[in-house]
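Following: one structure in structure tokens, then a few remarks.
Since the model is a prediction, treat every value here as computed from it, not as a measurement.
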Amino acid sequence: MENDTETRGRIEETVRKILEESNMDEVTESKIRKQASKELAIDLSQPHFKAFVKKVVDAFLQEKHEQQQQLEEEEEEEQQREKGSKDKEYDDDGDLIICKLSDKRRVTIQDFRGKTLVSIREYYRKDGKDLPSSKGISLTEEQWSTFKKNVPAIEKAIKKLESRDI
């Protein structure tokens with residue numbers, strides 16, 4: 001009876017309960033085993049019980065370690081998300097500023113009538129606000145995709161023109 005499945009289940013449940021309620025900085029495996037022995041009225045100092053209790057304690061500690069790591073990772077991810085959202089800059093119209101090409105020129109992402117647009121345009125200052133001017137272009141996602149695909153050809157043409165100037 002000492003080694004049957006039911007007894008092992010009771011030992012594991014008791015040891016885990018004791019571990020959950022214990023201060024992990026003060027408790028030892030020996031103390032856990034002695035407390036479980038008292039609660040269960042079973043002599044857990046026998047080698048096969050010692051080994052089983054050790055296995056339960058080790059599994060519990062491993063689970064707690066993994067839970068702690070997961071919590072830390074989730075906290076770090078949350079901090080990164082918060083940092084990322086704080087790093088994002090929006091203009092006075094609420095459009096996301098991707099980059100500033102100069103003091104007056106910006107690349108922004110905006111939602112216009114349900115469509116996402118990439119805008120490259122000049123801004124002017126009025127009443128303390130930076131406002132977009134009519135000087136610029138707004139590209140739909142499809143147009144932006146076409147433009148991106150052609151950037152290498154644009155760069156090649158620029159190099160070709162620059163080499164002529166030399």
- Message: Looking at Lys160 and Glu155, is there a salt bridge between them, counting it only when a charged N and a carboxylate O are closer than 4.0 Å?
- Response: no
- Message: In the structure I gave you, are the side-chain heavy atoms of Phe52 and Val15 within less than 4.5 Å of one another anywhere?
- Response: no
- Do other residues, nucleotides or ligands put more than 12 heavy atoms under 6.0 Å from the NZ atom of Lys17? yes
- Task: Please report the closest heavy-atom contact between Ile97 and Tyr90, naming both atoms and the distance.
- Result: CD1-C, 3.9 Å
- Between Gln110 and Ser138 the two heavy atoms that sit nearest each other are OE1-OG, 4.0 Å
- Message: Check this for me: Gln70, atom CD, are more than 12 non-hydrogen atoms of other residues, nucleotides or ligands nearer than 6.0 Å?
- Response: no
- In terms of hydrophobic clustering (I, L, V, M, F, W, Y; side-chain heavy atoms under 4.5 Å; direct or indirect links), are Leu96 and Leu117 co-clustered? no
- Message: Quick test of your reading of the model: are Arg16 and Glu12 salt-bridged, counting only N-O distances below 4.0 Å?
- Response: yes
- Would Gln35 and Glu39 count as having a side-chain donor-acceptor pair, cut-off 3.5 Å? yes
- Task: Would you give the length of the straight line joining atom CG of Leu44 to atom OG of Ser30, rounded to the nearest 0.5 angstrom?
- Result: 11.0 Å
- Shared hydrophobic cluster for Phe147 and Ile137 (ILVMFWY, side-chain gaps under 4.5 Å): yes
- Does NZ or CZ of Arg105 lie under 6.0 Å from the centre of the six-membered ring of Tyr123, at an angle within 45° of the ring axis? no
- Has the side chain of Asp127 got a donor or acceptor atom that lies under 3.5 Å from a matching backbone atom of Lys129? no
- Note on the structure: Taking every heavy atom of Leu139 against every heavy atom of Trp144, the minimum-distance pair comes out as CD1-CE3, 3.9 Å
- Item | Main-chain N/O of Met24 paired with Ser22 side-chain donor or acceptor, under 3.5 Å | no
- Ile32 side, atom CD1; Ser37 side, atom OG - distance, nearest 0.5 Å: 11.5 Å
- State the CZ-OG distance between Arg121 and Ser133, to the nearest 0.5 angstrom. 6.5 Å
- Message: Looking at every non-hydrogen atom in both residues, tell me the closest pair between Thr116 and Asp111 and how far apart they are.
- Response: N-OD1, 4.3 Å
- Query: Does Glu66 reach the main-chain N or O of Glu63 with its side chain, forming a donor-acceptor pair under 3.5 Å?
  - Reply: no
- Say you draw a straight line from CD of Glu75 to CD of Glu73; how long is it, rounded to the nearest 0.5 Å? 11.0 Å
- Test item: Phe49 and Asp43 side chains (from C-beta on) under 4.5 Å apart, heavy atoms: no
- Message: Side chains of Arg33 and Thr28: any donor to acceptor distance under 3.5 Å?
- Response: no
- Note on the structure: Taking every heavy atom of Glu26 against every heavy atom of Lys31, the minimum-distance pair comes out as O-NZ, 3.5 Å
- Task: To the nearest 0.5 Å, tell me how far Ile109 CD1 sits from Ser119 OG.
- Result: 8.0 Å
- Task: Could you check if a side-chain atom of Arg106 sits within less than 4.5 angstrom of a side-chain atom of Leu101, using non-hydrogen atoms only?
- Result: no
- Query: Do Thr14 side-chain atoms and Ala36 backbone N/O form a donor-acceptor pair below 3.5 Å?
  - Reply: no
- Message: Would the distance check show the side chain of Asp4 and the main-chain N or O of Thr7 forming a donor-acceptor pair, the cut-off being under 3.5 Å?
- Response: yes
- Item | Cluster link Leu71 to Phe60, ILVMFWY, side chain under 4.5 Å | no
- Rounded to the nearest 0.5 Å, how far does CD of Glu89 lie from OG1 of Thr108? 11.5 Å
- So if you build clusters from Ile, Leu, Val, Met, Phe, Trp, Tyr with side-chain heavy-atom gaps below 4.5 Å, do Val118 and Phe112 land together? no
